[in-house]
Amino acid sequence: EEAVARVDAALAYTDRMPERYTRFADGLRRYLAGQANAAVAALDAALATEPSWSDPWMILGETYRHLLPGAVPRDSLARAAFLRVVELDPDFTLAHYHLAEIAVLLGDLDEAQRHAEHFLASSPDSASALQLSLALECVGGHAPDWSRAEGRPDAILQASTILVRSLDHAECGLRGYEAYRGSPSADALDYWDSLIGSVSTLIALGRAVEAEALLRTERESGNSDADYLTVFAACANGAFATDARAVIDRMPAGVGESSDLQLWAKGLWFMHSEDAERLATVAAELRSRAAHSEARPRTVVWAAAMTAHARAMAGDTAGALEILEGLEPAASRANLTWSLWDSLAQER
């Protein structure tokens with residue numbers, strides 16, 4: 001919020017700023033708002049006027065790293081931007097953090113340690129240093145002592161999230177997620193994040209039966225959010241079909257009595273089970289709710305997404321593609337990482 005306020009204050013004086021500052025401020029503002037493609041365009045414009053300016057390169061790298069611009073491969077583009085930052089300004093320590101993180105994904109321990117040393121020499125905040133240290137231990141073949149992060153469970157969560165993006169290190173990341181959920185200082189929101197991390201990684205590793213058992217345990221313990229993750233997982237792996245169908249059957253039968261979130265879950269399930277008639281009904285109800293002036297942004301996105309899925313199932317491929325190509329995620333970095341819908345995964 002403070003960053004947005006400061007950038008907005010700067011943008012009020014564009015008539016007094018050099019063009020490169022205006023372009024950079026615009027790119028930074030759009031990055032903060034989650035507008036990935038617009039951020040890239042503005043930052044590229046700033047760099048066109050001053051190619052040796054490290055700040056736009058840094059935010060460009062952050063955009064590729066944390067948001068979802070159309071350009072791919074994002075990790076390679078992020079790495080190239082961060083390397084340009086440290087080439088121009090070797091003491092720009094945050095770039096070294098991200099370069100160490102990316103080297104972990106690539107399994108290049110020497111490069112990871114080199115960038116980590118640059119980063120740690122700047123006396124960074126303890127959580128960032130700890131999560132990078134835990135990730136490096138995994139890549140180096142050592143089982144981290146997760147208990148040394150007691151009191152800073154967020155470091156366990158972030159280290160695990162670095163690791164599971166590479167299937168070579170996913171097993172260690174899974175153990176980190178488990179350690180997080182076992183930590184007495186874990187909060188409810190990050191507990192949910194670790195559950196998403198574990199389920200997603202287990203599916204990616206071909207261990208859907210373990211993921212299914214984990215979700216069943218969560219539902220039986222009273223974690224109602226696990227219902228939605230079960231339905232979401234069913235669209236990625238058929239092993240969850242029986243449980244997902246039971247979750248849907250427990251929801252109100254009529255669309256009018258269902259919450260927006262329940263409609264989203266139903267829509268996914270009807271799409272997955274090829275129930276065109278009920279999917280069309282869900283899409284129509286979401287469009288009706290999205291038309292209200294007080295509709296939540298996510299409801300508007302869900303309405304468009306479910307309409308696209310319904311059209312595709314009805315054979316209107318051109319209509320579906322037109323809607324899908326118009327969808328753009330606009331969410332915070334955290335929501336893009338952890339939300340079940342903000343990254344538009346099903347639609348992609």
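Here the structure is a predicted model, which is why all the values come from computation and not from measurement.
In this structure, the ring-ring contact (aromatic ring centres under 6.0 Å, His included) partners of Y97, at least two apart in sequence or on a different chain, are F119. Residues meeting the ring-ring contact (aromatic ring centres under 6.0 Å, His included) test with F24, sequence neighbours left out: W53. Not counting sequence neighbours, the partners of H118 by the ring-ring contact (aromatic ring centres under 6.0 Å, His included) test are H96. In this structure, the side-chain hydrogen bond (donor to acceptor under 3.5 Å, both in side chains) partners of R23, at least two apart in sequence or on a different chain, are E19. Remark: R216 pairs with E212, D243 by the side-chain hydrogen bond (donor to acceptor under 3.5 Å, both in side chains) rule, at least two apart or across chains. Residues forming a side chain to side chain contact (heavy atoms under 4.5 Å, CB included) with L88 (at least two apart in sequence, or on another chain): S52, S54, W57, R84. Partners of R348 by side-chain hydrogen bond (donor to acceptor under 3.5 Å, both in side chains), not counting sequence neighbours: none found. Contacts of S221 classified as side chain to side chain contact (heavy atoms under 4.5 Å, CB included), with partners at least two apart in sequence or in another chain: E218, N223. When the ring-ring contact (aromatic ring centres under 6.0 Å, His included) test is applied to F240, no partner is found at least two apart in sequence or on another chain.
Among the candidates V164, I196, L163, the single residue satisfying the side chain to side chain contact (heavy atoms under 4.5 Å, CB included) test with T201 is V164. Each of L268, T230, V231 was checked for a side chain to side chain contact (heavy atoms under 4.5 Å, CB included) with I248, and the lone residue meeting it is V231.
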Using atom types as modelled, flag every donor-acceptor pair under 3.5 Å from a side chain in residues 298-308 to any protein atom, sequence neighbours excluded.
{"from": "T299", "atom 1": "OG1", "to": "D260", "atom 2": "OD2", "distance (Å)": "2.7"}
{"from": "T307", "atom 1": "OG1", "to": "R287", "atom 2": "NH1", "distance (Å)": "2.9"}
{"from": "T307", "atom 1": "OG1", "to": "A303", "atom 2": "O", "distance (Å)": "2.7"}

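E111 is not listed as a side-chain neighbour of L106, based on a closest heavy-atom distance of 4.5 Å or more. Looking only at side-chain heavy atoms (C-beta outward), R65 and I102 come within less than 4.5 Å of each other. The shortest distance between side-chain heavy atoms of L205 and E210 does not fall below 4.5 Å. In this structure the side chain of S343 reaches within 4.5 angstrom of the side chain of L68, judged on heavy atoms. With contacts defined as side-chain heavy-atom distances shorter than 4.5 Å, the pair E62/H98 qualifies. Residues R29 and D8 meet the side-chain proximity criterion, which asks for heavy atoms closer than 4.5 Å. E178 has its side chain out of reach of W146: every pair of non-hydrogen atoms, C-beta onward, lies at least 4.5 Å apart. Using a 4.5 Å cut-off on side-chain heavy atoms (C-beta onward), R148 and L134 make contact.
In summary, E101 and R165 do not engage in a salt bridge, as defined by a charged side-chain N under 4.0 Å from a carboxylate O. Under the 4.0 Å criterion applied to side-chain N and carboxylate O atoms, D110 and R114 are not assigned as salt-bridge partners.
Contact between H169 and G107 at its shortest, heavy atoms only, is NE2-CA, 4.0 Å. The minimum heavy-atom distance linking D342 with L336 is given by the pair O-CD2, 3.7 Å. D154 and A127 get closest at one heavy-atom pair: OD2-CB, 3.9 Å.
Panel note: side chain S133, backbone A129; no donor-acceptor pair is recorded below 3.5 Å. With hydrogens and angles disregarded, a donor-acceptor distance shorter than 3.5 Å links the side chain of T281 to the backbone of E277. Remark: the backbone N or O of L67 is paired with a side-chain donor or acceptor of R74 at under 3.5 angstrom.
Every pair passing disulfide bond (SG atoms under 2.5 Å apart) that includes a residue from residues 120-206 is listed here, sequence neighbours excluded: C138-C172. Listed by first then second residue, pairs satisfying disulfide bond (SG atoms under 2.5 Å apart) with a partner in residues 24-133 number zero, not counting sequence neighbours.
Note on L344 and L261: separate hydrophobic clusters, where clusters join Ile, Leu, Val, Met, Phe, Trp and Tyr whose side-chain heavy atoms are under 4.5 Å apart, directly or indirectly. Both L11 and V4 belong to a single network of hydrophobic side chains, linked directly or stepwise wherever heavy atoms of I, L, V, M, F, W or Y lie under 4.5 Å apart. Residues L47 and M17 share a single hydrophobic cluster, defined by chaining ILVMFWY side chains whose heavy atoms lie under 4.5 Å apart. Side-chain heavy atoms closer than 4.5 Å link hydrophobic residues (I, L, V, M, F, W, Y) into clusters, and following such links, even through other members, never connects L263 to I323. Hydrophobic clustering (ILVMFWY, side-chain heavy atoms < 4.5 Å, transitive): Y177 and V209 are in distinct clusters.
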| Pair R181-S198, side-chain hydrogen bond (donor to acceptor under 3.5 Å, both in side chains): steps then yes or no | CA-CA 10 Å; R181 290 196 298 279; S198 287; 2.8 Å; yes
| task | Under the side-chain contact (heavy atoms from CB on, under 4.5 Å) rule, what do D55 and F92 come out as? Steps first, then yes or no, please. | result | CA-CA 9 Å; D55 292 339; F92 208 133; 3.4 Å; yes
| Residue pair R245, D249: steps toward the salt bridge (Lys or Arg N to Asp or Glu O under 4.0 Å) verdict | CA-CA 6 Å; R245 187 179 295 109; D249 288 346; 5.9 Å; no
| task | Output, in order, the C-alpha distance, side-chain angles, deciding distance and verdict of side-chain contact (heavy atoms from CB on, under 4.5 Å) for V247 and Y228. | result | CA-CA 8 Å; V247 167; Y228 299 101; over 6 Å; no
| message | Run M313 and H309 through side-chain contact (heavy atoms from CB on, under 4.5 Å) and show every step you take. | response | CA-CA 6 Å; M313 195 170 292; H309 295 315; over 6 Å; no
| Derivation of the side-chain contact (heavy atoms from CB on, under 4.5 Å) call for D227 and R219 | CA-CA 7 Å; D227 285 351; R219 292 196 307 275; 3.1 Å; yes
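No more than 12 heavy-atom neighbours from other residues, nucleotides or ligands sit within 6.0 angstrom of CD on E322. R6 CZ: 12 or fewer foreign heavy atoms inside a 6.0 Å radius.
Between the side chains of Y21 and T14, no donor-acceptor pair of N or O atoms lies under 3.5 Å.
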